[in-house]
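Everything on this sheet refers to the single structure shown next.
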Amino acid sequence: MNKELSREERTDALGGMGCKRKRVEDARFTQGKGNYVDDIKLPGMLHGDFVRSPYAHARVVSINTDAAMALDGVIAVLTAADLAPLGLHWMPTLAGDKQMVLADGKVLFQGQEVAFVVAKDRYIAADAVELVEVEYEELPVLTDPFAALESDVVLREDLDPTADGAHGPRKHHNHIFTWEVGEKDATEQVLDEADVVAEEMVYYHRTHPCPLETCGCVASMDKVNGKLTLHGTFQAPHAIRTVVSLISGIEEHNIRVISPDIGGGFGNKVGAYPGYVCSVVASIVTGVPVKWVEDRMENLMTTAFARDYWMKGKISATKEGKITGLWCHTTADHGGFDACADPTKFPAGFMNICTGSYDIPTAYLAVDGVYTNKAPGGVSYRCSFRVTEAAYFIERMIEVLAIELNMDAAELRRINFIRKDQFPYQSALGWEYDSGDYHTAWDKALKAVDYDGLRAEQAQRVEDFKAGKTRKLMGIGLTHFTEIVGAGPVKNCDILGLGMFDSCEIRIHPTGSAIARLGTISQGQGHATTFAQILATEIGLPADSITIEEGDTDTAPYGLGTYGSRSTPVAGAATAMAGRKIRAKAQMIAAYLLEVHDDDVEFDVDRFVVKGAPEKFKTMKEIAFAAYNQAIPGIEPGLEAVSYYDPPNMTYPFGAYICVMDIDVDTGETDIRRFYALDDCGTRINPMIIEGQVHGGLTEALAVALGQEIAYDDMGNVKTGTLMDFFLPTAWEVPNYETDHTVTPSPHHPIGAKGVGESPHVGGVPCFSNAVNDAFRAFGLRHTHMPHDHWRIWKTANDLGLHG
Ligand code: CDP
């Protein structure tokens, strides 16, 4: 007979929450067994490729497809004229605007889709693209949003300039919306009366999520059965199904959307792209499957940019350093079409979290969205709807205020943190922060790096530099960020009218193993590992016996997908709640089997035991079997549950980051000597996965802060459209990260967990940038714009007269 395991051993055997369970998905990824969109090959499949505009703003005078059609192997060349009778030459965007699927009379950004070639293979399609003759008439180009708001040039000729846009009145023909939050007059009065006001223009440059796998899809229309199957790189498969149904008129039950393995998303795969629409139309027209997969240049130049926010800020304080007010006006460059992926009520995302970790009594934020001749589709690149812009803004403003006050920036933060006893905290710009303990995290971080010692070393370095003993300066980057993740309460957050709840459906099999299906979709975050851990703890079956499945709309319950670190706060909560429903039924079954009242049994790790008689129990495995083979009066057979979870609030993870950087004044090179990252994401499901998320997020933060940029010239040409020019860090550039944590559970989440995937990016960018700025503080620098590549750093040093 088996020895009875101790409670601790039984807990360990489950592999539940809190343990460093190895990633179950890695077996297939590391052995080349992943199944990505480009791995999908269907019988008779054709290949699509785009003719794209070389101009950023031009009229399309004519398109001649004869030569392309004459090429052997070309099946069709679609233009807007072909899509117009179907009403598909324009499509709705996620932001309530509309976007050309194929150029309808003009183009508004370089790389815009002009025609879609369908051919027998990808190479023929690419050759045919070259044969399509398009006559363009160039128009004046506007790449600067401030100039666009002054210009007579009308970018969106399809819009009535006097009519309201999706988010209210428009002030100019190139204006999209104004979004205001907070109290304007009160904030201006506070600023007028303040002891000290610091003012700065903080530009967060345009960049791109650049996942390793580009965007793509395979559309397959089965005309006999009227069924459309769409495999694609979708971060929100159900939303895509609904959108495809609304656009195409195909009934939703006849559409199956499948997100197979996805090679990174970071926001890039949230939106709908012309490639999806054209592939569907081409499959309907030809009756065979059509694949479209972008190349790297197309991905960088045309899909979902990030940031491009000009944030003009004013922050006021008493002379002792207590912040009294924050004012921000943002000019948001949204490109040729407003295709930003934000919840409907938030046209600039959650930018109104820009009061950050600080108790700021009065604040005002206004955002003006502007059309320019740049690619559309602003997304929250590894952040929750513009939180990284907000965090960068406030963390730079704090540094500038510290300079104005001639105060230590760590101390200024400490004076102004929201105190632990103030939670739940109502921010001046409308959010209710659920929980936090910022002072504890901050003190732990400063102690871990010996902050006072670092400042002393830095002061000495400045002396040595002035004395000509060194050409290297030292920067200490500080950041305390607060994220807002888990969109979201349905009352606040929807995308295209779809409420942002999420879901989990669990089926326990008779032998005590299970499958759980969720409305989210992993793009590398390890959901198959961690969601099984939540269930293991909730229902007492081993995580290894639980399969997690996502991404197939025919089987998964409806959900809004994975982005904005919403999976754990929303779908993770749904998973726990569905698990609890299973447990509630299991309790009744156990009581029946043990011949006691329901209330006389209690859950204990992997079993229900009779209260006061722990030797009398039924394991969850036994209960699962009984659910299928015992006729229990008043209880249906089977053991299944589903939960659709509408969170009562967002979750507010936070973190304290410190970066120590040496900067070579003569070459502009940076050397990150130390990076300490303390994250608090509430209850930790899998510490190893969290650490991986932090490493990845910090690396993308390093990229953005130190070089990654989508840059345009004055003619609207993308100057960074290849990975030769667009900085993607490798192991060579990445420093060693020291990770740490505190645990402040979310009071409203069923397991107390907050999201984590994006925190390191949100906190990392200002931390790296603050380090660069801080290195030059002693020489009179207030603020210099990102990305801090070697040339810009060299120029900063030069402008400050440090080159002699
Ligand atoms: O929505 P997304 O998956 O991108 O972000 P997330 O909810 O922050 O989760 C990223 C990964 O970290 C998932 O595998 C989570 O289950 C895991 N995680 C965790 O182990 N503990 C937390 N408190 C939060 C996330």
Side-chain angles (χ1 to χ4, degrees), residues 15-26 209 211 235-236 259 262 264-270 341 379-385 387 434-435 483-488 500 502 504 516 518-538 543 546 548 550-551 559-576 645 647 650-655 679-697 700 739 741-746 749-763:
M17 280 193 284
C19 80
K20 295 184 176 181
R21 182 175 188 228
K22 283 196 177 155
R23 287 168 44 101
V24 292
E25 40 280 90
D26 283 353
Q235 287 183 238
S259 291
I262 296 185
F266 315 114
N268 187 232
K269 294 165 182 171
V270 173
V379 289
S380 40
Y381 166 10
R382 203 163 185 153
C383 80
S384 182
F385 307 115
V387 177
D434 61 348
S435 63
E483 256 255 78
I484 169 173
V485 300
M500 296 180 76
D502 229 289
C504 173
L518 287 86
T520 43
I521 172 74
S522 189
Q523 306 123 41
Q525 298 94 327
H527 292 178
T529 306
T530 51
F531 287 127
Q533 289 181 256
I534 298 177
L535 280 178
T537 300
E538 289 292 340
I546 303 168
I548 300 292
E550 299 176 309
L560 265 286
T562 292
Y563 40 86
S565 286
R566 65 184 298 279
S567 301
T568 304
V570 194
T575 304
Y645 189 80
M650 312 263 187
T651 67
Y652 295 75
F654 59 94
D679 276 276
D680 191 319
C681 56
T683 305
R684 292 154 62 84
I685 302 162
N686 185 325
M688 181 201 67
I689 288 208
I690 291 173
E691 201 176 339
Q693 294 286 304
V694 172
H695 284 194
E700 284 183 310
T739 55
H741 65 276
T742 52
V743 176
T744 313
S746 166
H749 189 283
I751 58 168
K754 304 179 178 185
V756 76
E758 301 171 336
S759 295
H761 192 69
V762 170

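Start at 1 and go down the list; that is how both ligands and their atoms are numbered. The chain is numbered in sequence order, starting from 1. Atom set for the values below is all heavy atoms of this structure, side chains included, hydrogens, waters and symmetry mates excluded. Everything numeric here is computed off the predicted structure, so don't read it as measured data.
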message: Checking a contact table here: which protein heavy atom is nearest atom 10 (C) of ligand 1, and how many Å away?
response: Q693 OE1, 3.7 Å
- prompt: Between I534 and T530, is any pair of side-chain heavy atoms under 4.5 Å apart?
  reply: no
statement: For T530, the atoms of ligand 1 under 4.0 Å from one of its heavy atoms are 13 (C), 14 (O), 15 (C), 16 (O)
- prompt: Can you list the ligand 1 atoms lying under 4.0 Å from a non-hydrogen atom of R566?
  reply: 1 (O)
message: Below the 3.5 angstrom mark, is there an N/O of F531, backbone or side chain, next to an N/O of ligand 1?
response: no
task: Have a look at C681 and tell me which of V756, V694, T568 forms a side-chain contact (heavy atoms from CB on, under 4.5 Å) with it.
output: V756
field: Close N or O approach (A753, ligand 1; < 3.5 Å)
entry: no
- prompt: Measuring from R21:CZ to N686:CG, what's the distance to the nearest 0.5 Å?
  reply: 8.5 Å
- line: Nearest heavy-atom contact between G572 and F531 is CA-CE2, 3.4 Å
message: Closer than 4.0 Å to some heavy atom of T562 - which atoms of ligand 1 meet that?
response: 1 (O), 2 (P), 3 (O), 4 (O)
- prompt: What protein heavy atom is closest to atom 4 (O) of ligand 1, reported as residue, atom name and distance in Å?
  reply: Q525 NE2, 2.9 Å
field: Heavy atom of the protein closest to atom 3 (O) of ligand 1 (residue, atom name, distance)
entry: H527 NE2, 2.7 Å
message: Counting non-hydrogen protein atoms only, what is the nearest one to atom 15 (C) of ligand 1? Give residue, atom name and distance.
response: T568 OG1, 3.3 Å
- line: Tightest non-hydrogen contact, residues S522 and I262, listed as O-CB, 4.2 Å
Nearest non-hydrogen protein atom, atom 2 (P) of ligand 1: S567 OG, 3.5 Å
message: Can you confirm, on distance only, whether ligand 1 has an N/O atom lying under 3.5 Å from any N/O atom belonging to R684?
response: no
- prompt: What heavy-atom pair brings Y645 and P750 nearest, and what distance separates the two atoms?
  reply: OH-CD, 3.6 Å
- request: Please name the pair of heavy atoms, one in I484 and one in Y652, separated by the smallest distance, quoted to 0.1 Å.
  value: CD1-OH, 3.6 Å
message: Does ligand 1 come near enough to N686 that some N or O of the ligand is less than 3.5 Å from an N or O of the residue?
response: yes
query: Which ligand 1 atoms does G755 reach within 4.0 Å, using its non-hydrogen atoms?
result: 8 (O)
query: Does one side chain, of K754 or S435, offer a donor that lies under 3.5 Å from an acceptor on the other?
result: yes
task: Report yes or no: do T744 and D680 form a side-chain donor-acceptor pair below 3.5 Å?
output: yes
task: Output the list of atoms in ligand 1 that are nearer than 4.0 Å to some heavy atom of I690, sorted by atom number.
output: 19 (C), 20 (O), 21 (N)
message: Under a plain distance cut-off of 3.5 Å, with no hydrogens placed, do D434 and T651 share a side-chain donor-acceptor pair?
response: no
- request: Around atom 5 (O) of ligand 1, find the nearest protein heavy atom and jot down its residue, atom name and distance.
  value: S565 CA, 3.5 Å
statement: Short version for V485: what comes under 4.0 Å of ligand 1, heavy atoms counted, is neither
message: Between ligand 1 and I685, is the shortest N or O to N or O distance under 3.5 Å?
response: yes
statement: If we number the atoms of ligand 1 from 1 as shown, the ones under 4.0 Å from a heavy atom of K754 are 22 (C), 23 (N), 24 (C)
- prompt: Does a side-chain heavy-atom distance below 4.5 Å link E538 with I751?
  reply: yes
- line: Among V694, V756, D502, T683, the residue with a heavy atom nearest to atom 23 (N) of ligand 1 is T683
query: Which atoms form the tightest heavy-atom contact between V379 and N268, and what is the distance?
result: CG2-N, 4.4 Å
